[in-house]
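Inspection log for the structure reproduced underneath, given as structure tokens.
Any value given below was found using the heavy atoms of this structure, including those in side chains, with hydrogens, waters and symmetry copies removed. Every value quoted in this text rests on a predicted model; they were computed, and no experiment measured them. Residue numbering restarts at 1 for every chain, and letters A, B, ... go by the order of the sequence lines.
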Amino acid sequence: MPELPEVETVRRGLERHLVGRRIERVEVGRERSVRRTSREAVIAGLIDTVVEAADRRGKYLLLPLDSGDTAMIHLRMSGQVLLAVGGADRPAHTHVVLCLDDGNEAWFVDPRTFGEVVVFDPDNVEVELPELARLGVDPIAEPFDAPTLRHAFGATSRALKPLLLDQHVVAGIGNIYADEILHRARLRPDRPASSLDRRHLATLQRSIVDVLTEAIEAGGSTLGDAQYVDLMGKGGSYQDVHRVYGRGGERCLTCARGWIRRSVTGGRGTQWCPICQR
DNA sequence: AACTGTCCCTGCAAGC
DNA sequence: TGCTTGCAGGGACAGT
């Protein structure tokens, strides 16, 4: 499932292969992938534009265009962006195709169709893409220190795991990295944020930055059914160093004493070590 | 404010 | 072997 490190890896691919390219032709297969507006709006918004940059905020990929509009791609559960030579066989569930002026194609592939593609006016983001306007701080793309985290949490009685998953609080963390970050910080997922002192907050802030940075360096995590891959179809390797995610019932690799517990916190499967995490 | 539940959708795994 | 059922998951949203 693409989270910040996976989306960042895709962003870097887009920066290399899409920036500076003119989009000559656009195909939209399934309308569901462009449901926020329409097939016609997305085609008209993309065709004959030049991609000027590849940005990211949280899990949102942002491609400013020379028209003044910005294309947004959200991968959600199962979305992929793949680069291919024009005319190559497309995989099942290829819903949007951008034909580029260098002969390549960018494909938006998304079996579960939770993802989306939209072209919006950044000056009207509040109306056209309100979730993006209300996104919390991005811990990699924006300045992010312990006071920033304390401010983002604010006064709340909520538990750490749902807070980390809340995109309005911190942007980009999903289920995998929330569990890995809390294990690194040695904090229980159900612990109320209000119980953290300054030292805990500093540890948590460092864990967020370190886990995400290491995961980006590893090209993200590729596992299970929702096969995340980068623009060239290559998987990441961070799953090889997961300490808790997907390891419920196994012995903790960190303390070698606890058994990784599986519980439900904030409606999401959560894995954590009752010995390491307090 | 914060919680729970529902919906969207598909592929995979478990159970029959 | 082949069906059915259930579950996972990001995030918006409605209801409590």
Side-chain angles (χ1 to χ4, degrees), chain A residues 1-8 10 28-37 56-62 72-81 90-96 107-118 120 125-136 138-139 151-181 189-195 212 215 220-229 235-236 239 242 244-249 262-271:
Chain A
M1 302 111 248
E3 304 179 25
L4 189 153
E6 291 77 29
V7 178
E8 173 62 18
V10 171
V28 176
R30 252 180 100 161
E31 194 137 31
R32 180 166 155 76
S33 298
V34 295
R35 60 193 172 279
R36 190 180 297 258
T37 54
R56 181 192 57 74
R57 276 201 66 205
K59 304 174 193 172
Y60 292 72
L61 285 166
L62 300 169
M72 188 284 282
I73 302 171
H74 200 305
L75 305 175
R76 283 292 217 290
M77 295 294 308
S78 61
Q80 301 177 338
V81 181
R90 299 169 186 172
H93 311 292
T94 302
H95 303 314
V96 181
W107 298 335
F108 177 72
V109 180
D110 187 16
R112 293 185 194 173
T113 69
F114 286 163
E116 66 167 313
V117 178
V118 68
F120 71 100
V125 63
E126 291 274 358
V127 173
E128 295 182 30
L129 211 50
E131 315 95 270
L132 180 63
R134 289 189 275 109
L135 217 52
D138 184 301
H151 183 255
F153 277 5
T156 177
S157 61
R158 298 171 73 190
L160 293 175
K161 167 103 180 201
L163 266 179
L164 290 182
L165 290 177
D166 187 338
Q167 302 301 301
H168 307 113
V169 175
V170 182
I173 299 171
N175 212 31
I176 297 173
Y177 296 104
D179 284 2
E180 293 299 322
I181 287 164
D190 58 353
R191 181 167 173 155
S194 52
S195 75
L212 295 176
S221 301
T222 297
L223 44 85
D225 55 342
Q227 282 283 315
Y228 155 76
V229 291
Q239 68 282 357
H242 286 176
V244 285
Y245 188 84
R247 301 193 67 256
R262 217 192 126 77
S263 57
V264 176
T265 306
R268 296 281 177 240
T270 300
Q271 284 141 113

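Residue Ser157(A) has a polar side-chain atom (N or O) positioned under 4.0 Å from OP1 or OP2 of dA2(B). One finds a side-chain N or O of His93(A) lying less than 4.0 angstrom from the OP1 or OP2 phosphate oxygen of dG11(B). Phosphate contact (OP1/OP2 of dG11(B), side-chain N/O of Arg112(A), threshold under 4.0 Å): absent. For dA2(B), one of the phosphate oxygens OP1 or OP2 lies less than 4.0 angstrom from a side-chain nitrogen or oxygen of Thr156(A). At dA12(C), none of the side-chain N or O atoms of Arg35(A) fall inside 4.0 Å of OP1 or OP2 (strictly under the cut-off). Within the 4.0 Å cut-off from OP1 or OP2 of dC9(B), at least one side-chain nitrogen or oxygen of Arg32(A) is found.
Here Gly269(A) lies in heavy-atom contact (under 4.0 Å) with sugar-phosphate atoms only. Contact annotation for Tyr245(A): backbone-only contact, meaning every heavy-atom pair under 4.0 Å involves sugar-phosphate atoms and none involves a base. Arg134(A) comes within contact range of no nucleotide atom at all, as no heavy-atom separation falls under 4.0 Å.
For the pair Arg262(A) CZ and dC7(C) P, the interatomic distance rounds to 12 Å; values are reported in whole Å. The nearest whole Å value for the distance from the CZ atom in Arg76(A) to the C1' atom in dC7(B) is 12 Å. As a whole-Å value, the separation of Met77(A) CE from dC7(B) C1' is 14 Å.
Taking 4.5 Å as the limit, every side-chain heavy atom of Glu116(A) sits out of range of all side-chain heavy atoms of Asp110(A).
Between Gln239(A) and Tyr228(A), the side chains place no donor N or O within less than 3.5 Å of an acceptor N or O (distance only, hydrogens not considered).
The two residues Thr156(A) and Arg158(A) make their nearest non-hydrogen contact at OG1-N, 3.0 Å.
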